[in-house]
Structure formats: C-alpha cells, structure tokens
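Worksheet for the structure shown next.
Sequence positions, counted from 1, serve as the residue numbers for this chain.
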Amino acid sequence: INQMKTLKVIKNRYNDVFTFKLDEDDNILVFGNVGGPTDFDPTSAEYKRGSFDVDRAPFIAKYSSEGILIWAEVIGETGFSSFSDAEIDNNGDIVITGIMGLELDFDPSSKFVLTNPTSRPSVFLAKYSSEGTLIWAKASESPERSLVSDIAILPNNNILITGKEEGTDLDFGPGIF
C-alpha cells in the first residue's frame, strides 16, 4: 500500500483516524472523525465527503490492498457525533459505534436520520454492508449520559459494547436487549 499515505484534508478543523480493519479480501477499512469536507481519494482525483456544517462526524473509508479508494462515507452532515470503535462480523458487514448529539444521518443517500430522544450524548450502533449500504442503526434511549469505548462481535454475530453509563440502563429500545 505504498500509494496510500494519508487522507487529503481539505479542512483541518478536526480529522482523526482512530482505527483500521482488514476484511476477508485484505481491503483496508479506515474509521475516524472528520470536521469538514475531506478528500478520501489518495490519487489526484477527488472524492470529497463531509460538510462545513459539521463539528465532528464519523467516517468509514474502504481501500483496496493497493490503496485504491473503493468507497467512503461521512455519517452526518451537521452537528456533533463521534466514532468510537468498529468491527467486521462473520458476514463481512461493518458494525460501528460512537456517540451522537441531537440527530445523526446514517445514510445520506436516503436521509435516514436517527433522532436522539434525550438532551445528552447518546450511544449509537450502526451496521453497514461491505459495500457501505446502511443495514440498520440504533441509538440508546438512556436519559443519562452514555459513552462507548469498545465493540466486539461474537461468533454468532451478537454484538458486545463496553463504555460508561451514568444511569442504570443503556437501552436501545424494546426487545433489543
């Protein structure tokens, strides 16, 4: 991957890579946060994602093992949200977690906006296909402050998360846990 050296940053207010994962085809999935428009294509071509209206937003970018951009998405075009961790499940799907402010658009193509029912940061979980298509997204409904730090996928594809809950229950809705 000598071609992929850095993400070209158009606006350097808040851009961080938190982690990367290799999928079963040795493609490289990169996860982090952006704070404005970012060009994810390491070549001279441009593939900008993100908005000047975003304070901080998670991103997922997928590159071939040669460093060629396959796809990239910024999750949320306004407000504040933050990536915490990601894993790839046994089906090759991508599960991410983090915190969100009042709302977060998990699928810019269809405007699937998840609203935070509380006034405090909420934990989110979202699942994307290996092609970057949203499968589902959930936000915790806890009235207290929630933070998430790590995620794990069990062999049966159940999802475990760790973090901090200032209340008594990290609730993702009826029938979730």
Side-chain angles (χ1 to χ4, degrees), residues 6-21 23 27-42 46-63 69-89 91-142 145-153 159 161 163 170 172-173 176:
T6 62
L7 297 178
K8 294 184 283 184
V9 177
I10 303 303
K11 182 179 179 196
N12 196 7
R13 191 167 91 201
Y14 190 95
N15 290 327
D16 285 321
V17 172
F18 278 79
T19 191
F20 68 92
K21 306 284 180 183
D23 70 10
N27 293 312
I28 305 158
L29 287 144
V30 181
F31 305 91
N33 292 319
V34 297
T38 300
D39 183 356
F40 289 92
D41 193 333
E46 286 189 353
Y47 191 82
K48 289 183 188 176
R49 292 292 182 263
S51 162
F52 284 109
D53 294 329
V54 69
D55 183 45
R56 183 175 9 178
F59 74 83
I60 306 170
K62 185 174 184 177
Y63 299 88
L69 177 68
I70 298 171
W71 58 264
E73 284 300 335
V74 171
I75 303 161
E77 292 290 322
T78 61
F80 169 86
S81 54
S82 183
F83 170 83
S84 293
D85 200 13
E87 283 295 336
I88 300 172
D89 73 11
N91 300 323
D93 296 328
I94 304 155
V95 180
I96 66 169
T97 188
I99 59 170
M100 62 181 274
L102 295 178
E103 64 180 26
L104 187 56
D105 184 357
F106 286 90
D107 186 3
S109 65
S110 68
K111 297 293 182 199
F112 177 81
V113 177
L114 194 58
T115 302
N116 179 353
T118 73
S119 61
R120 297 183 174 266
S122 283
V123 171
F124 71 79
L125 280 170
K127 187 173 192 176
Y128 293 85
S129 72
S130 61
E131 293 82 30
T133 303
L134 178 69
I135 297 171
W136 54 257
K138 305 282 183 192
S140 67
E141 298 177 0
S142 173
R145 182 178 166 166
S146 304
L147 301 172
V148 64
S149 56
D150 200 15
I151 188 171
I153 307 289
I159 301 165
I161 60 172
L170 181 61
F172 283 91
I176 304 296

Task: Rounded distance (nearest 0.5 Å) linking atom OH of Tyr128 with atom CD1 of Ile88 - done: 14.5 Å
Task: Minimum side-chain heavy-atom gap Tyr63-Asn27 below 4.5 Å - done: no
Task: Main-chain N/O of Phe124 paired to Lys138 side chain as donor or acceptor, under 3.5 Å - done: no
Task: Which atom of Glu87 lies closest to which atom of Ile151, heavy atoms considered - done: CG-O, 3.5 Å
Task: Check: Leu125 main-chain N/O paired with Thr97 side-chain donor or acceptor under 3.5 Å - done: no
TODO: Kindly give the heavy-atom pair with the smallest separation between Ser84 and Ile99, and that separation in Å.
DONE: OG-N, 4.5 Å
Task: Nearest atoms (heavy-atom pairs only) where Ala61 meets Phe40 - done: CB-CD2, 3.9 Å
Task: Worked check of side chain to side chain contact (heavy atoms under 4.5 Å, CB included) between Ile153 and Val95 - done: CA-CA 9 Å; Ile153 307 289; Val95 180; 3.9 Å; yes
Task: Backbone of Asn91 reached by a side-chain donor or acceptor of Asp89 within 3.5 Å - done: yes
TODO: Report yes if some heavy atom in the side chain of Pro58 is under 4.5 Å from a heavy atom in the side chain of Val74; otherwise report no.
DONE: no
Open item on the list: Among Thr19, Ile94, Ile70, exactly one meets side chain to side chain contact (heavy atoms under 4.5 Å, CB included) together with Leu29. Which residue is that?
Closed with: Ile94
Open item on the list: Just so I know, are the side chains of Lys62 and Asp23 near enough to count as touching, which here means a heavy-atom distance under 4.5 Å?
Closed with: yes
Task: Test item: Ile96 and Asp85 side chains (from C-beta on) under 4.5 Å apart, heavy atoms - done: no
TODO: Work out which heavy atom in Ala139 is nearest to a heavy atom in Met100; give both atom names and the distance.
DONE: CB-SD, 3.8 Å
Task: Residue pair Phe31 / Lys21: nearest heavy atoms and the distance that separates them - done: CE1-CG, 3.7 Å
Open item on the list: Using side chain to side chain contact (heavy atoms under 4.5 Å, CB included), reason through Val30 and Phe59 one step at a time and then give a plain yes or no.
Closed with: CA-CA 8 Å; Val30 181; Phe59 74 83; 4.0 Å; yes
Task: Working for side chain to side chain contact (heavy atoms under 4.5 Å, CB included), residues Ile60 and Trp71 - done: CA-CA 8 Å; Ile60 306 170; Trp71 58 264; 3.5 Å; yes
